[in-house]
Each structure stands twice: as structure tokens, then as C-alpha cells.
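So the structure is just underneath, and the comments pick up after that.
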Amino acid sequence: MNSTQLGLLAGLALGLAVAFGGFGAFAAVAVLGAIGFLVGRVLDGKLDLSRLSGRDRG
């Protein structure tokens, strides 16, 4: 399991902890899952956010 998958699962688990019914719970799970996925992509090095901060690694 790589960091992307682990981040996605962590985000979904946190979302499920918040989710206790209705569309709001669905939205919370979706948002936290997406955040976990993005964090995992950054940790895997497959998503470079240096352009957003104005700093470059090279």
C-alpha cells in the first residue's frame, strides 16, 4: 500500500467518524477523502505544490 492509498483511507476513516447521517455526512466523507488523497499524492511525490508557493525544488 502506497502513501496515496493510505492517505485516501485515512481521510475516509476520518470522514466516517464524522458521518452520522444525511447529505452533510456524505459531503464530509467526500471532502475528507479528497484531502487524504491529495496528501498521499504529495507524500508519494506525484503532486508538486511548489508552484503554488512560489518556491521551486531545483
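In this text the structure is predicted, and so the values were computed from the model without any measurement. Throughout, residue positions are numbered sequentially from 1 according to the sequence presented.
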Check whether any side-chain heavy atom of Leu38 lies under 4.5 Å from a side-chain heavy atom of Leu47, and answer yes or no. yes

Separation between CG (Leu32) and CG (Leu8), nearest 0.5 Å, reads 11.5 Å

On a heavy-atom basis, which atom in Ser3 and which in Asp44 lie closest, and how many Å separate them? CB-OD1, 3.0 Å

